[in-house]
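Ligands are counted one by one from 1 in listed order, and the atoms in each one are counted from 1 as well. All values derive from a computational prediction rather than experimental measurement.
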Amino acid sequence: MERDSAMLCDRIWTHARIATLREGAPDMGCIEDGAVGTVGGAIVFAGNAADAPDAREVIACEGRWITPGLIDCHTHLIHGGNRAREFEMRLAGASYEEIARAGGGILSTMKATRAASEAELVASALPRLDALIAEGVTTVEVKSGYGLNAETEIRMLRAARRLGGERPVRVETSFLGAHALPPEYAGDVDGYIAMLCDAWMPQVAASGLADAVDAFCEGIGFTAEQTRRVFEAAARHGLPVKLHAEQLSNRHGAALAATFRALSADHLEYLDEDGVAALARAGTVATLLPGAWYFMRETKLPPVEGLRRAGVPIAIATDCNPGTSPLTSLLLAMNMGATLFGLTAAECLAGVTRHAARALGLGDRIGTIEVGKSCDLAIWDIESPAELVYRMGFNPLHARIWSGQ
Ligand code: DI6
Ligand code: FE
């Protein structure tokens with residue numbers, strides 16, 4: 001890029017090695033002696049340090065690496081209580097499904113969440129959010145789904161939104177009313193889905209509290225047919241959809257999600273070839289959640305090679321939730337993506353930046369270091385980007401920039 005002598009940046013980070021993660025660029029789009037400049041929170045320059053414009057404030061990076069700020073595109077950060085006791089039961093031999101059928105699982109978190117005030121939900125989520133932020137996360141998705149009544153689902157979404165006021169981070173929310181069947185509707189799944197679609201969805205849409213609609217399509221969740229009704233209701237209200245699909249069995253949820261042009265289909269261990277092809281055709285992101293796979297000691301691997309061959313963008317997220325993935329480290333999720341799922345270091349990094357942005361419908365605003373995008377950066381004390389994936393339990397973050405600050 002030519003030096004623009006007329007431009008004056010608010011701030012410029014210079015003499016850095018930059019992994020821009022630009023689409024189509026080889027080698028993570030690296031720039032060896034690079035600079036990033038911002039005006040009003042947006043990136044206005046990303047290129048060679050020698051071509052950089054002037055700035056009011058110049059930050060010398062001394063050869064440190066800069067990546068896009070990390071994006072955790074699938075979490076359940078807002079919830080009451082924890083499930084350490086159920087973890088102990090599983091260690092003693094009980095299965096997740098047995099615990100769920102005995103009234104534990106999602107329903108035990110539902111009880112704790114219903115009992116918590118909005119302020120309590122925010123307060124209990126903040127330490128988890130802070131752990132993510134400390135590792136360079138600048139955008140986080142947060143789902144409802146532990147209220148399972150209108151009042152508590154709305155309270156969860158409100159609490160999620162409030163996280164964005166409490167910390168310098170972008171929060172995207174998903175309405176996951178179709179997470180589990182609440183006890184009030186025992187024996188009447190269709191009644192629950194009808195209530196969710198006809199009464200709650202309009203309220204959620206009108207409130208502006210949800211950026212997307214999610215569902216749990218699974219044996220212990222909802223069938224593909226019930227999920228379809230939820231998606232149709234979301235579409236009627238102009239809300240994009242995403243789906244927990246093919247985590248414990250193949251219900252062909254991903255293919256259904258693809259027909260609704262879902263932003264993402266998440267988990268996908270049991271995804272088959274037709275499902276892969278459907279995602280590829282729709283441009284739907286495959287979000288892999290290795291923390292849940294690890295914590296549940298699953299053995300069936302997601303079809304990474306098939307996704308790769310079909311050109312499906314792969315994202316990685318923590319799935320931070322109290323039952324199946326009490327994980328608050330996106331760096332560790334990257335390491336698991338590589339070690340357990342066989343992703344390359346470059347795929348892991350794209351999975352928490354460019355592809356994660358797309359999984360939130362924000363591919364044109366965040367996720368790469370390019371002119372016009374939000375200036376969300378992570379600056380690292382590392383020798384190479386692969387180090388972010390390689391270490392376990394070590395945090396080399398030097399600084400985190402959100403919206404140019
Ligand atoms: N899939 C999961 O892994 C979480 N939700 C979902 O739909 C589990 C949620 C929980 O057990 O609390
Ligand atoms: Fe989840």
Side-chain angles (χ1 to χ4, degrees), residues 72-87 89-90 94-114 124-125 128 140-148 152-153 156 160 172-182 212-224 226-227 230 241-249 251 253-254 257 262-270 285-298 300 302 315-328 330 333 336 356 359-360:
D72 194 349
C73 66
H74 179 142
T75 87
H76 308 250
L77 272 193
I78 293 280
H79 57 259
N82 73 66
R83 306 238 289 276
R85 178 67 201 122
E86 289 179 19
F87 177 55
M89 287 163 70
R90 281 207 300 118
S95 76
Y96 179 65
E97 271 137 324
E98 277 163 15
I99 293 170
R101 289 190 203 287
I106 293 174
L107 290 190
S108 74
T109 300
M110 179 204 76
K111 286 186 202 118
T113 304
R114 286 182 177 180
S124 69
R128 297 188 280 269
V140 62
E141 185 261 13
V142 182
K143 301 175 194 303
S144 69
Y146 288 119
L148 308 180
T152 317
E153 286 292 306
M156 285 188 76
E172 289 288 303
T173 56
S174 303
F175 170 51
L176 178 57
H179 194 193
L181 187 67
V213 171
D214 195 348
F216 187 25
C217 184
E218 191 53 70
I220 55 168
F222 296 91
T223 66
Q226 289 152 356
T227 302
V230 174
V241 300
K242 41 182 51 240
L243 187 64
H244 286 72
E246 273 75 86
Q247 178 187 12
L248 306 168
S249 59
R251 311 265 156 174
L263 295 172
S264 70
D266 304 31
H267 285 292
L268 302 177
E269 282 81 349
Y270 286 82
V285 173
T287 298
L288 304 184
L289 305 168
W293 191 87
Y294 162 85
F295 193 71
M296 301 306 287
R297 303 174 74 164
E298 299 292 344
K300 178 105 168 82
I316 299 175
T318 62
D319 193 15
C320 177
N321 78 67
T324 63
S325 189
L327 171 64
T328 48
L330 195 53
M336 289 177 174
L360 298 176

Among the N, O or S atoms that Asp319 has, which is closest to the Fe ion (ligand 2)?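 That would be atom OD1.
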If you consider just the N/O/S atoms, which atom of His74 is the closest one to the Fe ion (ligand 2)?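 The nearest such atom is NE2.
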Inter-residue atom distance [X].[atom1] - [Y].[atom2], 0.5 Å rounding:
| X | Y | atom1 | atom2 | answer |
| --- | --- | --- | --- | --- |
| Asn321 | Asn82 | CG | CG | 12.0 Å |
| Phe295 | Leu327 | CZ | CG | 10.0 Å |
| Ile99 | Ile220 | CD1 | CD1 | 11.0 Å |

Can you give me a line-by-line list of nitrogen or oxygen pairs between ligand 1 and the protein shorter than 3.5 Å?
unit_1, atom_1, unit_2, atom_2, d
ligand 1, 1 (N), Gln247, OE1, 3.3
ligand 1, 3 (O), Gln247, NE2, 3.3
ligand 1, 3 (O), Asp319, OD2, 3.3
ligand 1, 3 (O), Thr324, OG1, 2.7
ligand 1, 5 (N), His179, NE2, 2.8
ligand 1, 7 (O), His179, NE2, 3.2
ligand 1, 11 (O), Arg83, NH2, 2.7
ligand 1, 11 (O), Tyr96, OH, 2.5
ligand 1, 12 (O), Arg83, NH1, 2.9
ligand 1, 12 (O), Arg83, NH2, 3.2
ligand 1, 12 (O), Tyr146, OH, 2.6

Qualifying residue for ring pair (Phe, Tyr, Trp, His ring centres under 6.0 Å) with Phe216, from His76, His244, His267: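 Going through His76, His244, His267 one by one, the ring pair (Phe, Tyr, Trp, His ring centres under 6.0 Å) with Phe216 is satisfied by His244 alone.
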Could you tell me if the side chain of Leu360 sits less than 4.5 Å from the side chain of Lys242, heavy atoms only?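 Lys242 reaches Leu360 side chain to side chain.
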If we only count heavy atoms from C-beta on, is the Thr173 to Met156 side-chain gap below 4.5 Å?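 They are not in side-chain contact.
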With a cut-off of 2.8 Å, does any N, O or S atom of His244 fall short of it relative to the Fe ion (ligand 2)?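 So His244 counts as coordinating the Fe ion (ligand 2), yes.
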Asp319 side chain to His74 side chain, donor-acceptor N/O pair below 3.5 angstrom: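 There is such a pair between these side chains.
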